[in-house]
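Counting begins at 1 with the first residue of the sequence.
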Amino acid sequence: MRYDLIIFDNDGVLVDSEPISNRLLAAYLTELGHPTSYEDSIRDYMGSAMHRIHELVLERSGRRLPDDFDDTFHSRVFAAFERELKPVAGVADVLEKLAADGVPYCVASSGSHERIRVGHRTTGLDRWFEEDRIFSSQDVGRGKPEPDLFLYAAERMGVAPERCAVVEDSPLGVQAAMAAGMDVYGFTAMTPAERLTGANQLFADMGELADLLV
């Protein structure tokens, strides 16, 4: 293995949550008078921390989202997760191989700690992620595309940025990893390859990842 740490994004990389959360986000924004299609949500908000959604809506409309927006949105998402959420196909095999080979890994997500944990419990991925392997944009204040989250995760895991590989499926995440000085593996199962410009390697099947990292 050429890396000392593999950093996984969560939504769309570990858990297949992006179709669920973007469907619900588009519907909720539209309900609040900010017409948004599913495609709009994927394009504008996929990979974003919640604060970025608030900032973009305010910038575009001049109106702030309600104070309870985050709580209401997350309650809807978590309820849908309980009904629908699955792990990304093949990711459990990747985690099992990394663990067997003794390669350190962690998750660094724009989502909240609660969102990460709910998703992992629902899909059974919690067995792979102890508390000290979970990092959220909540820990650093500034989410992707800023490099803060990835740099924080590397520091906490005791690995230099240049020895890290990041697995991402969003343009914001790829930008953040590049800004952190880390190699990036762009997962194109949901995101068109041309939107992940700058990734060191693109792949569409999670089953390919372990071999690419060697």
Side-chain angles (χ1 to χ4, degrees), residues 1-15 17-18 42-53 55-56 88 91 94-95 98-99 101-113 115-116 119-120 125 128-204 206 208-214:
M1 184 69 65
R2 70 179 110 156
Y3 301 105
D4 295 332
L5 177 65
I6 312 302
I7 304 176
F8 291 91
D9 175 44
N10 189 56
D11 294 292
V13 171
L14 295 176
V15 295
S17 54
E18 293 292 10
I42 291 288
R43 182 192 66 228
D44 295 340
Y45 303 119
M46 183 170 157
S48 296
M50 291 301 292
H51 70 80
R52 188 169 184 273
I53 299 172
E55 291 163 3
L56 281 178
V88 167
V91 79
V94 173
L95 295 170
L98 292 176
D101 292 346
V103 179
Y105 63 88
C106 64
V107 57
S109 173
S110 293
S112 67
H113 277 282
R115 177 180 173 128
I116 297 167
H120 287 189
L125 293 182
W128 302 106
F129 290 94
E130 300 91 349
E131 189 73 23
D132 60 359
R133 293 180 188 263
I134 298 174
F135 305 101
S136 161
S137 60
Q138 287 180 312
D139 300 326
V140 294
R142 298 194 307 172
K144 307 167 189 178
E146 302 299 333
D148 305 36
L149 175 58
F150 289 138
L151 292 172
Y152 176 74
E155 179 184 10
R156 289 289 302 273
M157 296 293 290
V159 178
E162 62 271 18
R163 298 295 302 158
C164 298
V166 174
V167 186
E168 264 288 354
D169 71 331
S170 76
L172 294 175
V174 169
Q175 292 170 38
M178 292 171 60
M182 301 175 179
D183 283 356
V184 197
Y185 290 76
F187 186 41
T188 61
M190 241 189 92
T191 308
E194 60 269 20
R195 295 201 67 212
L196 300 182
T197 303
N200 299 80
Q201 180 80 47
L202 299 174
F203 68 105
M206 191 57 71
E208 303 170 19
L209 180 60
D211 290 338
L212 293 176
L213 294 172
V214 175

Self-check item: Minimum side-chain heavy-atom gap Leu125-Val15 below 4.5 Å
Solution: yes
Quiz item: So which heavy atom on His51 is nearest to which on Gly143, and how close?
Solution: NE2-N, 3.3 Å
Quiz item: Counting distance only, does the side-chain N/O of Arg195 pair as donor-acceptor with the main-chain N or O of Arg43 below 3.5 Å?
Solution: yes
Exercise. Over all heavy atoms of both residues, which pair between Trp128 and Ala99 is shortest? Give the atoms and the distance, please.
Key: CZ3-CB, 4.1 Å
Self-check item: Taking every non-hydrogen atom, the tightest pair across Pro147 and Ala180
Solution: CB-N, 3.6 Å
Quiz item: Can you name the residues that form a side-chain hydrogen bond (donor to acceptor under 3.5 Å, both in side chains) with Ser136, not counting sequence neighbours?
Solution: none
Pairs of donor and acceptor atoms involving the side chains of residues 151-163, under 3.5 Å and at least two apart or interchain, shall be tabulated with distances.
residue	atom	partner	partner atom	Å
Tyr152	OH	Arg156	NH1	2.6
Arg163	NE	Asp4	OD2	2.9
Arg163	NH1	Arg2	O	3.1
Arg163	NH2	Arg2	O	2.9
Arg163	NH2	Asp4	OD1	3.3

Quiz item: With sequence neighbours excluded, what pairs up with Glu194 under the salt bridge (Lys or Arg N to Asp or Glu O under 4.0 Å) test?
Solution: none
Exercise. Determine, stepwise, if the pair Met182 / Leu5 fulfils side chain to side chain contact (heavy atoms under 4.5 Å, CB included).
Key: CA-CA 10 Å; Met182 301 175 179; Leu5 177 65; over 6 Å; no
Practice problem: Output the distance between atom CD1 (Ile116) and atom CD1 (Ile134), rounded to the nearest 0.5 Å. | Solution: 6.5 Å
Quiz prompt | Rounded distance (nearest 0.5 Å) linking atom CZ of Phe135 with atom SG of Cys106 | solution = 5.0 Å
Quiz item: Passes side chain to side chain contact (heavy atoms under 4.5 Å, CB included), Leu172 versus Arg52? Steps please.
Solution: CA-CA 11 Å; Leu172 294 175; Arg52 188 169 184 273; 3.7 Å; yes
Exercise. Go through the structure and list residues passing side-chain hydrogen bond (donor to acceptor under 3.5 Å, both in side chains) with Thr191, not counting sequence neighbours.
Key: none
Quiz prompt | Separation between CZ of Arg115 and OG of Ser17, rounded to the nearest 0.5 Å | solution = 5.0 Å
Quiz item: How many angstroms lie between atom CG of Asp11 and atom CG of Asp169, to the nearest 0.5 angstrom?
Solution: 8.0 Å
Self-check item: Val94 and Phe8: CA distance, side-chain angles, deciding distance, side chain to side chain contact (heavy atoms under 4.5 Å, CB included) verdict
Solution: CA-CA 11 Å; Val94 173; Phe8 291 91; 4.0 Å; yes
Practice problem: State which residues pass side chain to side chain contact (heavy atoms under 4.5 Å, CB included) with Ala165; sequence neighbours excluded, sorted by chain then number. | Solution: Tyr3, Ile6, Tyr185, Leu213
Quiz prompt | Side-chain heavy-atom pair Asp183, Cys164 within 4.5 angstrom cut-off | solution = no
Quiz item: Would you say the ring centroid of Tyr105 lies under 6.0 angstrom from that of Phe129?
Solution: yes
Quiz item: Can you check whether Met50 reaches Ser110 side chain to side chain, under 4.5 Å on heavy atoms?
Solution: no
Quiz item: What are the two closest heavy atoms between Ala193 and Thr188, and how far apart are they?
Solution: CA-CG2, 3.9 Å
Practice problem: Take Arg142 and Leu149 through the test side chain to side chain contact (heavy atoms under 4.5 Å, CB included) and record every step on the way to the result. | Solution: CA-CA 8 Å; Arg142 298 194 307 172; Leu149 175 58; over 6 Å; no
Quiz prompt | Residues that Asp9 engages under side-chain hydrogen bond (donor to acceptor under 3.5 Å, both in side chains), provided they are two or more places apart | solution = Lys144
Quiz item: Counting N and O atoms only, with roles assigned by atom type, does the side chain of Gln138 sit under 3.5 Å from a partner on the main chain of His113, one being a donor and the other an acceptor?
Solution: yes
